[in-house]
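The next block holds one structure in the form of structure tokens; read it before the comments.
Hydrogens, waters and symmetry mates play no part in the numbers below; they use all other heavy atoms, side chains included. Letters A, B, ... mirror the listed sequences (proteins, then strands); counts begin at 1.
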Amino acid sequence: MAHHILDMPVTEVQARALRVGDTVTLEQTLFGIRDATLIAMFDRGRTTRFDLKGHAVVHTAPNVRKVDPRPGNSSGYEPLCIGTTTSMRMERFTRPLMEREGVRIIIGKGGMGQGTLDAFRDVGGAYLAVVGGAAALETTWVEAIEEVDMDDLHPESLWKFRIKGFGPLLVTMDSHGGSLHADVNAAALARRDAILAKLGASGPARA
Amino acid sequence: MQLDPNEVEELAKALYVRALKLLPPDIKQGFARLTRDETDATARTILGTMVENIAVAERTNNLLCQDTGIPIYNVTIGRHVELDGVAMTAAIRRGCERATREHPLRSSVVHPITRKNEQTSCGIRIPIINIEFDERDETVAIEMIPKGSGSENGSFLQMLIPADGAAAVKRFVIDRVIECGGRVCPPTIVGVGIGGTSDLCMHLAKIAATRPLGTTCSEPEGAKIEAELSEAVNELGIGPQGLGGRATSFRVHVEIAATHITMNPVAVNIQCHSARRAAALITPGGISFV
């Protein structure tokens with residue numbers, strides 16, 4: 001159960017060193033991405049001018065305010081509230097994000113599935129769980145919105161955040177086949193029949 | 001009392017922002033109760049982060065969660081109120097748009113097919129405006145609920161049949177809570193609708209999911225299932241954020257309606273831990289937030 005402070009971007013070796021149960025704090029740079037961004041990139045062939053190699057992406061679409069662009073903040077936006085959305089909808093994009101764009105770390109909430117776990121194993125990556133719904137707190141870890149790409153998809157643009165002390169986040173999926181989400185689900189399913197029996201509601205799950 | 005659309009517009013705007021920033025007292029108390037009963041170390045840390053977030057939002061005057069939700073306005077019109085319904089619903093819509101533009105807020109609403117975001121939090125049939133009536137004299141109550149999508153995606157309907165009985169209703173709820181795991185941002189309020197038609201059943205589940213903690217189903221059979229399921233879901237070990245622990249849900253809430261002799265419908269609609277809602281009363285004396 002180690003704590004890692006990662007100056008982004010990271011190498012494959014650093015990503016593979018992360019184990020379920022470890023905690024991580026990220027520094028420097030973090031990219032924000034979500035449904036529409038990923039659909040545009042991988043279903044509609046759009047590309048980004050950002051170099052995501054070795055970087056972390058967080059599943060988000062922020063609340064922002066328009067401001068005048070200035071040095072160090074050319075995006076023209078300042079962050080108001082930045083939080084994390086449910087990751088599972090974006091399950092099929094993990095592998096292409098890693099293989100085509102070089103992403104190493106996915107940050108989200110609720111966990112992801114077997115396809116993501118396989119991609120972590122094959123390419124070298126990890127999933128870090130944010131406490132979903134704790135966006136006011138998460139916003140205090142974001143210093144600025146440095147740049148934005150594909151802003152025609154606003155708010156589902158591709159965001160480049162400058163971060164400071166982003167975490168601690170819990171590693172819940174790793175490159176060694178570990179998934180706390182799968183473990184908790186298996187445990188709940190194992191308890192199901194006894195709980196239903198107590199309710200007088202035994203029976204098979206709906207097909 | 002004559003309802004002034006301008007007053008409604010300002011209130012619709014204020015309630016949206018207020019709902020996004022201030023968590024109702026019953027939910028805060030719910031966190032205290034779950035924290036007291038939680039033994040899992042990770043779960044306690046996560047609950048602590050959620051409670052800290054409530055304080056940070058208040059201190060920094062920020063939104064609790066980045067998800068501005070699908071805006072829902074529940075309007076309850078009392079007796080001896082004169083109003084122009086068309087003007088009132090238009091005023092609510094304008095207030096919702098203005099909150100989005102003027103705060104500003106992320107518009108989370110898109111066309112369902114083109115996926116175009118008008119950047120107003122409004123669209124076809126959105127905001128949802130539900131209108132009901134009650135006995136309160138010269139009173140209009142407006143409740144605003146920004147319904148977050150992570151938990152709204154945890155919505156299910158099953159048209160069970162009479163031979164399945166109440167047992168299948170309970171089993172359906174437990175299985176859906178397992179299926180949702182951490183995706184619906186636990187600890188949750190699990191809203192359950194039992195009976196009615198398919199659409200009423202789903203609506204009952206939403207009423208249940210957004211009912212304040214500490215209230216119980218007004219019908220005894222519904223209240224009984226509510227108590228049983230509330231205990232059962234916290235035996236699953238799903239826990240806060242689905243990362244293990246007792247605190248899977250604050251409570252299961254049930255709402256019921258009569259149904260057809262051939263039918264036994266059950267619906268589930270889930271509310272995440274950021275169980276946001278804000279309400280105000282308009283009376284001849286003015287506006288008061290409740």
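Electrostatic pairing of B/Arg44 and B/Asp37 does not count as a salt bridge here, judged by no charged N lying under 4.0 Å from a carboxylate O. Ion pairing between a basic and an acidic side chain is recognised when a charged N comes within 4.0 Å of a carboxylate O; B/Arg246 and B/Glu235 show such pairing. Salt bridge annotation for A/Asp22-A/Arg19: absent, with no cationic side-chain nitrogen under 4.0 angstrom from a carboxylate oxygen. The existence of a salt bridge linking B/Glu102 and B/Lys13 is confirmed by a sub-4.0 Å separation between a basic side-chain nitrogen and an acidic carboxylate oxygen.
For chain A, no part of B/Ser108 is nearby; none of its heavy atoms comes within less than 4.5 Å. With a 4.5 Å cut-off on non-hydrogen atoms, B/Arg59 does not touch chain A at all. Neither the backbone nor the side chain of B/Thr45 has a heavy atom closer than 4.5 Å to any heavy atom of chain A. For A/Lys66, no part lies near chain B; criterion is any non-hydrogen pair under 4.5 Å. There is no contact between B/Arg115 and chain A, counting heavy-atom distances below 4.5 Å. Residue contact with chain A, scored on non-hydrogen atoms closer than 4.5 Å, involves the backbone and the side chain of B/Ile238 alike.
Atom CZ of A/Arg44 has 12 or fewer neighbouring heavy atoms from other residues, nucleotides or ligands inside a 6.0 Å radius.
One N or O on the side chain of A/Glu156 and one on the backbone of A/Ala36 form a donor-acceptor pair closer than 3.5 Å. Judged purely by atom type and a 3.5 angstrom limit, A/Ser179 uses its side chain to pair as donor or acceptor with the backbone of A/Ala182. Judged purely by atom type and a 3.5 angstrom limit, A/Asp174 has no side-chain atom pairing as donor or acceptor with the backbone of A/Tyr127. Listed for the A/Asp149 side chain is a donor-acceptor partner under 3.5 Å among the backbone atoms of A/Arg49. Between the side chain of B/Asn117 and the backbone N or O of B/Ser107, at least one donor-acceptor pair lies under 3.5 Å. Counting only distance, with no hydrogens or angles, the side chain of A/Arg192 and the backbone of B/Ile178 share no donor-acceptor pair below 3.5 Å.
Chain B forms more heavy-atom pairs under 4.5 Å with one residue of A/Gly200, A/Gly110, A/Ala188, A/Gly132 than with any other, namely A/Gly132. Residue with the most contacts toward chain B among A/Leu189, A/Thr60, A/Leu80: A/Leu80 (heavy-atom pairs, distance under 4.5 Å). Ranked by non-hydrogen atom pairs under 4.5 Å with chain A, the options B/Ile54, B/Val110, B/Leu64 are led by B/Leu64. Taking B/Asn62, B/Thr68, B/Val56 one by one and counting their heavy-atom pairs under 4.5 Å with chain A, the maximum is reached by B/Asn62. Between chain B and the options A/Ile82, A/Thr140, A/Thr84, the largest number of non-hydrogen pairs under 4.5 Å is found for A/Thr84. Taking B/Gly150, B/Gly148, B/Gly237, B/Gly245 one by one and counting their heavy-atom pairs under 4.5 Å with chain A, the maximum is reached by B/Gly237. Looking only at heavy-atom pairs under 4.5 Å with chain B, the residue among A/Thr86, A/Leu170, A/Val131 that has the most is A/Val131. Residue with the most contacts toward chain B among A/Ser202, A/Ala190, A/Ala187: A/Ser202 (heavy-atom pairs, distance under 4.5 Å).
A/His55 and A/Lys160 share no side-chain donor-acceptor pair at under 3.5 Å.
Interface with chain A: from residues 224-233 of chain B, residues B/Glu228, B/Leu229, B/Glu231, B/Ala232 qualify, criterion being any non-hydrogen pair under 4.5 Å.
Every ring-ring contact (aromatic ring centres under 6.0 Å, His included) that A/His154 has, sequence neighbours left out, goes to A/Tyr77, A/Trp159.
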